A.B. asks: 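Have a look at this one before I ask anything.
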Amino acid sequence: MTAYRDAGPTPSGGGNRPPGNRVHHVRAGELDGHTAISGSTVGSKKLWMGLVENPPLSATDNHHHGASEAGIYVVSGHPVFVFHDGEQEVRISAGPGDFLLVPPFVPHREENPDPDEPVVVVIARTTQEPVKVPLPELYQLKETDPHQDEEAARALG
């Protein structure tokens, strides 16, 4: 992948790291797996962004994304996002053009109930790299002190 093509001359001493004072262009078809924007692809400091496709009749495991917020844009398909509100599972059905926010540490899963059409989403997270912490079950996230979130994030490494 040439994520920083057409960026102009690179200042000396940068090695293979993308320069931090340029706009970086990741062209269609140049993704590194699912990753388009990250510390390793374009030198991002606080953002991960990628494209994910979930096949028909699939579901992710229950998980959360640590201290990272996740913004999701539905490109195509009809995903269902599932979380627990403390009393029951809540299912949010989405479609093309919809946006969703998954706050830090919120246990959830994504499902694609369609037997024929894959789901394609663009995900942005407030970390350099993707964080996905598998969980045995969904549970309600209790509201916490923001300082506790920072301590939990440090513990995750």
Side-chain angles (χ1 to χ4, degrees), residues 1-7 18-144 146 149-150 152-153 156:
M1 171 177 23
T2 309
Y4 48 97
R5 183 183 311 158
D6 303 324
N21 62 350
R22 307 276 196 286
V23 172
H24 302 280
H25 182 188
V26 178
R27 296 179 190 277
E30 289 187 336
L31 277 81
D32 181 8
H34 299 293
T35 303
I37 297 172
S38 70
S40 63
T41 61
V42 296
S44 172
K45 305 255 187 296
K46 298 180 182 178
L47 178 68
W48 180 93
M49 196 168 183
L51 185 71
V52 174
E53 182 175 321
N54 292 329
L57 297 176
S58 67
T60 66
D61 59 344
N62 299 319
H63 64 279
H64 68 73
H65 300 289
S68 175
E69 289 183 314
I72 302 164
Y73 173 74
V74 180
V75 176
S76 62
H78 294 86
V80 176
F81 295 84
V82 184
F83 71 99
H84 204 284
D85 71 359
E87 294 180 22
Q88 63 186 353
E89 284 188 0
V90 176
R91 303 175 66 79
I92 299 173
S93 296
D98 289 352
F99 289 86
L100 298 111
L101 170 70
V102 179
F105 299 104
V106 171
H108 64 284
R109 74 174 170 265
E110 300 91 35
E111 299 178 355
N112 180 5
D114 192 289
D116 301 311
E117 185 180 14
V119 165
V120 177
V121 296
V122 172
I123 300 175
R125 294 192 189 114
T126 55
T127 60
Q128 283 189 2
E129 304 300 333
V131 173
K132 185 176 177 191
V133 179
L135 300 169
E137 62 185 341
L138 294 178
Y139 55 87
Q140 181 184 25
L141 179 69
K142 304 289 185 204
E143 297 261 350
T144 61
D149 287 347
E150 291 171 14
L156 284 174

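Keep in mind that what you see is a predicted model, and the values were worked out from it rather than measured. This chain uses plain numbering: 1 for the first residue, then up along the sequence.
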A.B. asks: Taking side chain to side chain contact (heavy atoms under 4.5 Å, CB included) as the criterion, tell me which of Val90, Asn62, Leu138, Val106 meets it with His84.
C.D. replies: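 Output: one option passes, namely Leu138.
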A.B. asks: Are any of the side-chain heavy atoms of Arg109 and Glu89 separated by less than 4.5 Å?
C.D. replies: yes
A.B. asks: Nearest 0.5 Å please: distance from the CD atom of Glu111 over to the OG atom of Ser93.
C.D. replies: 9.5 Å
A.B. asks: May I ask you to decide if Thr126's main-chain N or O and Ser68's side chain share a donor-acceptor pair within less than 3.5 Å?
C.D. replies: yes
A.B. asks: Do Ile123 and Trp48 touch side chain to side chain, with heavy atoms closer than 4.5 Å?
C.D. replies: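 Ile123 reaches Trp48 side chain to side chain.
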A.B. asks: Provide the closest heavy-atom pair for His78 versus Gly95 in the form atom of the first, atom of the second, distance.
C.D. replies: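 Distance-wise, the nearest heavy atoms are CD2-CA, 3.9 Å.
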A.B. asks: Any heavy-atom pair between the side chains of Glu110 and Phe81 that's under 4.5 Å?
C.D. replies: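 SC-SC contact between Phe81 and Glu110 confirmed.
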A.B. asks: Applying the side chain to side chain contact (heavy atoms under 4.5 Å, CB included) test to Val119, which of Val75, Val80, Val52, Asn112 qualifies?
C.D. replies: Asn112
A.B. asks: What I'd like to find out is whether the side chain of Lys132 reaches to under 4.5 Å of the side chain of Asp61, using heavy atoms alone.
C.D. replies: yes
A.B. asks: Take Phe83 and Val102 through the side chain to side chain contact (heavy atoms under 4.5 Å, CB included) test and state the conclusion after the steps.
C.D. replies: CA-CA 10 Å; Phe83 71 99; Val102 179; over 6 Å; no
A.B. asks: Heavy atoms, side chains only, cut-off 4.5 Å: are Ser38 and Met49 in contact?
C.D. replies: no
A.B. asks: Measure the CG-CD distance between Asp85 and Gln140 for me, rounded to the nearest 0.5 Å.
C.D. replies: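 Nearest 0.5 Å value for the CG-CD distance: 6.5 Å.
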A.B. asks: Give the minimum heavy-atom separation between Leu100 and Ala94, together with the two atoms involved.
C.D. replies: CD1-CB, 4.1 Å
A.B. asks: If I compare all heavy atoms of Pro96 with all of Ser76, which pair ends up nearest, and what's the gap?
C.D. replies: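 What the structure gives for the nearest pair is CG-CA, 4.1 Å.
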A.B. asks: Just by distance, no angles: are the side chains of His64 and His108 close enough, under 3.5 Å, to form a donor-acceptor pair?
C.D. replies: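 No - no donor-acceptor pair under 3.5 Å links their side chains.
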A.B. asks: Please name the pair of heavy atoms, one in Pro103 and one in Leu101, separated by the smallest distance, quoted to 0.1 Å.
C.D. replies: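 Pro103 and Leu101 have their closest heavy atoms at CD-O, 3.6 Å.
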A.B. asks: Taking all non-hydrogen atoms of both residues, which atom of Leu57 and which atom of Pro115 are closest, and how far apart?
C.D. replies: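 Minimum heavy-atom separation between Leu57 and Pro115: CG-CA, 3.6 Å.
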A.B. asks: What I'd like to find out is whether the side chain of Pro104 reaches to under 4.5 Å of the side chain of Glu69, using heavy atoms alone.
C.D. replies: yes
A.B. asks: If I compare all heavy atoms of Arg91 with all of Val82, which pair ends up nearest, and what's the gap?
C.D. replies: NH1-CG2, 3.5 Å
A.B. asks: Could you check whether any side-chain N or O of His63 sits under 3.5 Å from a backbone N or O of Val133, counting only pairs where one atom can act as donor and the other as acceptor?
C.D. replies: no
A.B. asks: Does any non-hydrogen side-chain atom of Asp116 lie less than 4.5 Å from one of Pro56?
C.D. replies: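 Heavy-atom side-chain distance check fails, nothing below 4.5 Å.
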